[in-house]
Amino acid sequence: MINEQPRIALNDGNSIPQLGFGVWQVPNESAPAVVGQALKVGYRSIDTAQGYENETGVGEAIRASGLPREELFITTKLRNGLQGYDSALKAFDQSMERLGLEKLDLFLIHWPMPSANLYAETWKAFVRLQKEGRVASIGVSNFNEDHLERIVGETGVVPAVNQIELHPAFQQRRLVAFNAARGIATESWSPLGRGQFFGHPVFAKIAAKHGATTAQAIIRWHLDQGFVVIPKSVTPARIAENFNVFGFALDAEDRAAIAALDDPKGRVGPDPASFDVRF
Ligand code: NAD
C-alpha cells in the first residue's frame, strides 16, 4: 500500500520515502511517460538533477499525475559547473522554473569537485535557501568524510542526506557508518550496480528462495540496511517490479552472502575525490 511506504526520518525534522525513482539517462521527452508510470505504480519520490536535463519532463509528469503536492518528494541536484554562492542560488531558481514547483523537497550538491574548491561556499547558499523556506531539506551527493567535515565545520549545518554510490559490490561501510554517526541519511545510487548481479549465483539463490527477482532482492537489501534507494528503469514492467518489494524480507543467510560480495574496488562510477567534470 502506498500509504504504508516506509519513510526515513531526516535530521531536520522532515522525512523521505525510503524507495524512490531515479531518472538519470531518462530523456526529457520520455520523462512525462516514464515518471508518470512510476507515480502510477506508487513511487512518490523522484530523484532528478540539473545535469540529467529532464527536469521539465519530470515537472510535466508531476502536474499530469494530479497527485497532491504534499504526497510527493522531489529531489534535484546542482550541476558541477554551477557551483559557487551566487551561481547556486540562480541555478536553484532555474530548476524550480523547469520543475514548475514553488518549493523543493531536497536539493543536493551533486559532486564535491574538490579541485574547484567551491563546495563549501556552495553549501552556504544551500543553507540560505533552506532558511528562506525555498527548499525543505538540503544535502550532498558523493561527499567523502573530509568534504562533510569541512561543510559542517564552516556552517554548523549537517546535510540531511549523502547520496553515494552503493550496491552489493561496493558497500561503503566506512562512509555509511560516518553518515550514521552524524545523523546523515545514506541514499544509494546505482543501487542495482548497473546490471552486474543479474545472473549472479548469490542473487539467483536468494531470489528463488523468496519467490522474488534479482532486482527485488537487491532493493530489499538496501531497504533492510536502512538506506534510501532510487532504482531506475524505463520499462513499465520493471518500474512496477522494482516497487513490489514490501512483501518479503531477507534472512541472515542472505545478508551474509551479500555482505561477502563487497569489494573495495567495486565502484562502477567515478571517484568523488578526483571527479571534476563540469557538466
Ligand atoms: P541502477 O542501479 O538503478 O540500474 C539501472 C539499470 O538496471 C537500468 O537502466 C536497467 O538497465 C537495469 N534494471 C533496472 N531494473 C531492472 C529490473 N527489474 N530487471 C532487470 N534490469 C533492471 O542504476 P542508475 O540508473 O545508475 O542509478 C539509479 C539512480 O541513481 C539514477 O537514475 C539517478 O537518479 C541516481 N544516480 C545518482 C548519481 C549521483 O552522482 N548522485 C550517479 C548515478 C545515479
Side-chain angles (χ1 to χ4, degrees), residues 16-28 30-31 34-35 37-38 41 43 45-55 57-58 61 73-80 83 105-113 119 139-144 147 159 161-172 175 179 185-200 203-204 207 212-223 227-245 266-279:
I16 180 171
Q18 199 179 359
L19 176 57
F21 186 69
V23 297
W24 181 41
Q25 292 177 324
V26 175
N28 192 51
S30 322
V34 169
V35 174
Q37 180 66 22
V41 303
Y43 296 84
S45 166
I46 307 295
D47 181 80
T48 184
Q50 294 172 347
Y52 301 169
E53 298 189 339
N54 57 18
E55 291 174 313
V58 169
F73 190 102
I74 309 299
T75 301
T76 195
K77 317 184 191 80
L78 179 74
R79 272 181 189 275
N80 281 359
Q83 282 197 24
D105 297 289
L106 178 63
F107 196 33
L108 303 177
I109 301 180
H110 206 147
W111 292 87
M113 217 178 39
Y119 66 85
V140 295
S141 178
N142 300 301
F143 272 43
N144 288 336
H147 312 129
V161 168
N162 188 12
Q163 183 185 119
I164 56 174
E165 178 179 344
L166 207 168
H167 45 76
F170 194 58
Q171 299 184 22
Q172 300 239 51
L175 185 51
N179 286 341
T186 295
E187 181 169 25
S188 308
W189 67 251
S190 291
L192 303 174
R194 299 209 188 132
Q196 63 182 294
F197 306 110
F198 296 105
H200 191 291
F203 283 103
T213 65
T214 289
Q216 289 170 331
I218 299 172
I219 294 165
R220 193 63 248 171
W221 175 79
H222 288 276
L223 297 172
F227 306 144
V228 178
V229 57
I230 46 170
K232 173 247 175 183
S233 173
V234 294
T235 311
R238 287 176 173 173
I239 292 173
E241 174 189 326
N242 295 348
F243 193 73
N244 184 15
V245 290
R267 274 187 205 287
V268 297
D271 183 344
S274 55
F275 185 65
D276 62 0
V277 177
R278 294 181 182 226
F279 60 83

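Ligands are counted one by one from 1 in listed order, and the atoms in each one are counted from 1 as well.
When atom types are taken as modelled, the side chain of N80 and the backbone of F279 share no donor-acceptor pair closer than 3.5 angstrom. Proximity of a side-chain donor or acceptor of Q18 to a complementary backbone N or O of L223 within less than 3.5 Å is detected. At distances below 3.5 Å, at least one donor-acceptor pair connects side-chain atoms of D105 with backbone N or O atoms of I74. A donor-acceptor pair under 3.5 Å is formed between the side chain of N54 and the backbone N or O of V23. Between the side chain of Q172 and the backbone N or O of L166 there is no donor-acceptor pair closer than 3.5 Å. H147 places a side-chain N or O within 3.5 Å of a backbone atom of N144 that can act as its donor or acceptor partner. The backbone N or O of A207 lies less than 3.5 Å from no partner atom in the side chain of Q216, so there is not a single donor-acceptor pair.
For a threshold of 3.5 Å applied to N or O pairs, the pair formed by K232 and ligand 1 contains at least one separation below that value. For a threshold of 3.5 Å applied to N or O pairs, the pair formed by P191 and ligand 1 contains at least one separation below that value. Among the atoms of S188, none of the N or O lies under 3.5 angstrom from an N or O of ligand 1.
Summary of contacts: the protein heavy atom closest to atom 33 (C) of ligand 1 is Y52 OH, 3.4 Å. Scanning the protein for heavy atoms near atom 43 (C) of ligand 1, the closest one is W189 CE3, 3.1 Å. Summary of contacts: the protein heavy atom closest to atom 34 (O) of ligand 1 is D47 OD2, 2.7 Å. For atom 7 (O) of ligand 1, the closest non-hydrogen atom of the protein is L192 CD1, 4.0 Å. Among protein heavy atoms, atom 15 (N) of ligand 1 sits closest to N242 ND2, 3.0 Å. In terms of protein heavy atoms, atom 16 (C) of ligand 1 is closest to R238 CD, 3.6 Å.
The closest approach between a heavy atom of G193 and any atom of ligand 1 is below 4.0 Å. Within the structure, ligand 1 has P231 among the residues with a heavy atom less than 4.0 angstrom away. The closest approach between any non-hydrogen atom of F21 and ligand 1 is not below 4.0 Å.
In N142, the part holding a heavy atom less than 4.0 Å from any atom of ligand 1 is the side chain. Contacts of Q25 with ligand 1, taken as heavy-atom pairs under 4.0 Å, are absent altogether.
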Under the side chain to side chain contact (heavy atoms under 4.5 Å, CB included) rule, what do V277 and W111 come out as? Steps first, then yes or no, please. CA-CA 9 Å; V277 177; W111 292 87; over 6 Å; no
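The option with the heavy atom closest to atom 28 (C) of ligand 1, from among V23, I239, I230, is I230. Closest heavy-atom approach to atom 22 (C) of ligand 1 within the set F198, W24, W111: this belongs to F198. Of the listed residues (G20, S141, S190), the one carrying the non-hydrogen atom nearest atom 26 (O) of ligand 1 is S190. Relative to atom 37 (C) of ligand 1, the option among Q163, E165, K77 with the closest non-hydrogen atom is Q163.
Ring centroid separation for the pair Y52 and H110 comes in under the 6.0 Å cut-off.
The H110 neighbourhood of ligand 1 comprises atoms 39 (C), 40 (O), 41 (N), with distances under 4.0 Å to a heavy atom of that residue. Listed by atom number, the atoms of ligand 1 under 4.0 Å from A215 heavy atoms are 17 (C), 18 (N).
Classification of the W221-F227 ring pair by plane angle, with boundaries at 30° and 60°, yields perpendicular. Below 30°, between 30° and 60°, or above 60°: for H167 and F170 the angle between ring planes is between 30° and 60°, a tilted geometry.
Tested against F21 for a ring-ring contact (aromatic ring centres under 6.0 Å, His included), the candidates F73, Y43, F243 yield a single pass: Y43.
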